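Encoded as structure tokens, the structure appears first; notes follow it.
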Amino acid sequence: MPKIEPPLISLEKAGIERGGRWLVRGVDLTVARGEIVTLIGPNGSGKSSTAKMALGVIKPDEGTAQRMPGLRVGYVPQKLSVDWTLPLTVARFMRLTGKPDAAEAEKALAATGIAHLTGAEIRNLSGGEFQRAMLARAIARKPDLLVLDEPVQGVDYSGEIALYDLIRKIRDDNGCGILLISHDLHVVMAATDRVICLNGHVCCQGSPVTVASSDAYRRLFGGYTDAALAVYQHNHDHTHLADGRVQHADGAVTAHCHPDDGHHKCHPDDGHHAEHLGDGPHHHNHDHQKGQGGGSVHPAPVAAAAAPTAPNPKGSRDA
Ligand SMILES: Nc1ncnc2c1ncn2[C@@H]1O[C@H](COP(=O)(O)OP(=O)(O)OP(=O)(O)O)[C@@H](O)[C@H]1O
């Protein structure tokens, strides 16, 4: 009989109380190897507090928190205190904590698509590049579990898609478990196996479709839910090949997407196609539409993640 691996982390009926107020309570949560679990919920709903309990940073005031013995965690925090006036290259940033050896650091930077930025100053990176550097630093530790708190903040929509694709790829390549924290209702739906919807307690949980269809989720997010669900359920039917051409479901290969591909009207100069350069063949199972209306998103801005010289939107990540 195959051995059932215990989860990497598990919370049972866990809660945190501060100053006589329960920040969050009654949380049941597990993350297993190879699984992407997303904590979703509005601001202040207890997502970060729950993640901190799972990581052992905060001890639960009720219930239990358990971690696999010897668990290696890669953590990308929501905020990072960096003195942006100090010169700090990406290479040095990789060695600030954890000190991976040079080969591991190089591999991690290549895996996140920013090997060419090793010598660049952190303060000059675009928002998407900075998030990739944070991810690279986390995966260089070869974690069993990656915890990513709002990993796409400060990143434009097409950059978000690229980052969620990257997160999935990291899971596939490394076999680690991933705990994602997000209040993004759209792209994250397609990038996760299980969603736990929080609002001081677990409102609902399950597959993204189950959660997005639930009454509790609808009550919490109101009119946004249908769009989120529609976006999640809308699977692309084409693959972007490494040479930039597009292979369609019927096997036909064209220079660009078909204008009637359904999910969007495709402009040849769309930024989102650029971000997959070097990723090899890339099959979409996400939607390119952001927002509620499901309208066309063109012209899409060039992905921050793919723009090596884009200006640095520091405001979005300063602690
Ligand atoms: N140490 C603390 N003492 C008192 N209140 C706290 C403490 N830490 C967090 N809180 C409060 O607990 C609630 C949940 O905070 P938490 O950071 O977990 O929410 P979140 O869902 O991650 O929010 P956001 O999406 O805004 O990051 C908030 O109202 C916050 O102000």
Side-chain angles (χ1 to χ4, degrees), residues 9-31 36-65 67 73-82 127 130-131 134-135 138 145-157 159-160 163-164 167 177-189 191-192 194-206 208 211-212 214 216-225 228 290-291 313-319:
I9 52 170
S10 73
L11 293 179
E12 258 184 61
K13 310 253 172 301
I16 304 168
E17 189 196 16
R18 292 286 178 277
R21 177 167 89 93
W22 286 98
L23 309 185
V24 68
R25 70 183 309 189
V27 178
D28 291 323
L29 162 79
T30 61
V31 183
I36 302 182
V37 176
T38 299
L39 291 175
I40 198 163
N43 290 136
S45 58
K47 303 182 294 294
S48 298
S49 305
T50 299
K52 285 175 191 162
M53 270 197 296
L55 290 175
V57 176
I58 301 179
K59 206 168 151 316
D61 296 306
E62 67 173 11
T64 59
R67 285 165 299 285
V73 176
Y75 178 47
V76 176
Q78 191 176 25
K79 295 178 196 155
L80 189 69
S81 297
V82 172
F130 182 70
Q131 290 296 341
M134 300 257 279
L135 263 178
L145 176 72
L146 254 185
V147 179
L148 311 174
D149 198 341
E150 300 286 1
V152 297
Q153 56 185 309
V155 177
D156 69 26
Y157 181 55
E160 274 184 29
L163 272 171
Y164 281 126
I167 289 165
I178 297 183
L179 180 61
L180 265 176
I181 298 171
S182 175
H183 53 240
D184 188 304
L185 297 178
H186 308 283
V187 191
V188 73
M189 292 299 230
T192 190
R194 203 144 47 81
V195 179
I196 296 175
C197 182
L198 283 178
N199 192 20
H201 63 279
V202 176
C203 294
C204 49
Q205 60 176 306
V211 168
S214 78
Y217 183 83
R218 281 168 187 275
R219 274 196 299 275
L220 205 55
F221 290 110
Y224 293 94
T225 54
K290 179 155 186 161
K314 249 183 238 154
S316 65
R317 63 179 190 242
D318 281 347

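Atoms within each ligand, like the ligands themselves, are counted from 1 in listed order. Remember, it's a predicted structure, so these values are computed and weren't measured experimentally.
In terms of N/O distances under 3.5 Å, ligand 1 is approached by G44. Some N or O of G46 is nearer than 3.5 Å to an N or O of ligand 1, by distance alone. For the pair T50 and ligand 1, the shortest N or O to N or O distance does not fall below 3.5 Å. Polar contact check, E150 against ligand 1: no nitrogen or oxygen pair lies under 3.5 Å apart.
Among G19, S45, S48, the residue whose heavy atom lies closest to atom 17 (O) of ligand 1 is S48. For atom 8 (N) of ligand 1, the nearest non-hydrogen atom from the set I40, N43, L23 belongs to L23.
Nearest non-hydrogen protein atom to atom 29 (O) of ligand 1 is R21 NH2, 3.0 Å. The protein non-hydrogen atom at the shortest distance from atom 15 (O) of ligand 1 is S49 OG, 3.8 Å. Of the protein's heavy atoms, R18 CB, 3.7 Å lies nearest to atom 4 (C) of ligand 1. The protein non-hydrogen atom at the shortest distance from atom 27 (O) of ligand 1 is Q78 NE2, 3.2 Å.
For the pair R25 (side chain) and H201 (backbone), a donor-acceptor distance under 3.5 Å is absent. Of the possible polar contacts, one joining the T192 side chain to the I36 backbone as a donor-acceptor pair under 3.5 Å is found. For the pair K47 (side chain) and G41 (backbone), a donor-acceptor distance under 3.5 Å is present.
Taking 4.5 Å as the limit, every side-chain heavy atom of I9 sits out of range of all side-chain heavy atoms of L55. The shortest side-chain heavy-atom distance between L135 and L148 falls under the 4.5 Å cut-off. Under the 4.5 Å side-chain criterion, counting only non-hydrogen atoms from C-beta, P77 is in contact with M134. Looking at heavy atoms from C-beta onward, L29 lies out of side-chain contact with Q205 at the 4.5 angstrom threshold.
Listed by number with element, the atoms of ligand 1 under 4.0 Å from a non-hydrogen atom of K47 are 18 (O), 19 (O), 20 (P), 21 (O), 22 (O), 23 (O), 24 (P), 25 (O). Annotation for ligand 1: atoms under 4.0 Å from non-hydrogen atoms of P42 are 21 (O).
Put simply, CD1 on I58 and OG on S49 are 5.5 Å apart, with the number rounded to the nearest 0.5 Å.
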